[in-house]
Amino acid sequence: MAFTLDPLPYAYDALEPHIDARTMEIHHSKHHAAYTTNLNNAIAGTDLENLTIEEVMTKGFEKAPVRNNGGGFYNHNLFWDILTPGGANAPSGELSDALVAAFGDLDKFKEEFTKAATTRFGSGWAWLCAHKDGKLEICSTANQDNPLMPSIGCGGAPILGLDVWEHAYYLHYQNRRPDYINAFFAVINWDKVAARYAAAK
Ligand code: MN
């Protein structure tokens, strides 16, 4: 069964002024669409065809077209999901406790996440991952890799991800990746991150 590009669960302009509508539209309707099409082409007629995307990440990641396009498909789905205009604008409950346990406080978490996102050379992603014991960890990965791929990144389940490819910010922020990273923190839906955290443990 082929993977499908779901529509964004909000309007392209819903994250203005932090992430502009034109960037969102091109990012979703061109970049994410291309990953989806190319993933389907890469798995058609293979034993990966009837797997979930999570299974494709662990079983197909050694094949470059599957790794690049499957990662692109999965990563962007996660990204759209945790970027919403509604929801909690700060973590609470057990997620907040886990962030404090791992990083000290929310500002320290933001500092470490920003460092991971800023220092990723070239294209890639920064991640907050939850391990099965509930511990949180930050890492970054290159290209469209992600921590579900064996021995890539920090392992565990990604519960928050930031796309730092230039296509994610160049139209509005040009070369100012740090400004884009800062804006990202204003549009995280922490309810969604908390749900992913609860499911990951
Ligand atoms: Mn992207």
Side-chain angles (χ1 to χ4, degrees), residues 2-43 52-54 56-57 60-61 63-85 113-129 138-149 152-154 157-189 192-193 196:
F3 292 104
T4 54
L5 178 70
D6 292 333
L8 278 190
Y10 40 85
Y12 286 129
D13 65 1
L15 306 176
E16 294 262 12
H18 306 286
I19 304 181
D20 64 288
R22 187 151 177 263
T23 295
M24 289 298 290
E25 180 168 7
I26 294 170
H27 202 171
H28 175 262
S29 71
K30 305 291 186 204
H31 293 281
H32 195 186
Y35 293 126
T36 308
T37 301
N38 294 336
L39 168 63
N40 286 329
N41 290 339
I43 62 174
T52 66
I53 188 60
E54 288 82 3
V56 171
M57 296 294 85
F61 85 105
K63 299 169 186 147
V66 176
R67 178 176 186 160
N68 292 334
N69 295 293
F73 176 77
Y74 175 89
N75 296 349
H76 289 85
N77 278 342
L78 185 151
F79 191 48
W80 310 140
D81 182 56
I82 55 96
L83 278 186
T84 80
F113 191 89
T114 297
K115 189 173 163 200
T118 308
T119 58
R120 164 52 53 193
F121 183 76
S123 298
W125 291 72
W127 303 101
L128 175 66
C129 292
I138 288 169
C139 62
S140 79
T141 56
N143 304 315
Q144 294 296 352
D145 287 355
N146 65 52
L148 294 180
M149 296 171 183
I152 303 286
C154 48
I159 63 171
L160 177 73
L162 173 60
D163 187 344
V164 295
W165 283 59
E166 283 191 345
H167 71 220
Y169 62 87
Y170 196 83
L171 288 178
H172 184 71
Y173 291 99
Q174 287 81 52
N175 61 323
R176 303 189 307 276
R177 188 190 285 187
D179 290 353
Y180 160 70
I181 296 167
N182 198 41
F184 165 71
F185 288 115
V187 289
I188 296 171
N189 183 330
K192 300 280 190 157
V193 184
R196 287 178 178 272

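Just so you know, ligand 1 is whichever comes first in the structure, and atom 1 is the first atom listed for that ligand. Just so it is clear, the model here is predicted, and its values are computed rather than measured.
Legend: side chain to side chain donor-acceptor pair (under 3.5 Å) pairs involving residues 178-187, not counting sequence neighbours, sorted by first then second residue: Arg176-Asp179.
Residues that satisfy the side-chain contact (heavy atoms from CB on, under 4.5 Å) test with Asp81, not counting sequence neighbours, are Lys192, Arg196. Judged as a ring-ring contact (aromatic ring centres under 6.0 Å, His included), and not counting sequence neighbours, the contacts of Tyr12 are His28.
Residues Gly70 and Ile53 share a closest heavy-atom pair of O-CD1, 3.9 Å. The two residues Asn75 and Trp127 have their closest heavy-atom pair at OD1-CH2, 3.4 Å.
Ring geometry for Trp80 against His32 counts as tilted: the plane angle lies between 30° and 60°, on a 0 to 90° scale.
Of all protein N/O/S atoms, those lying under 2.8 Å from the Mn ion (ligand 1) come to 4.
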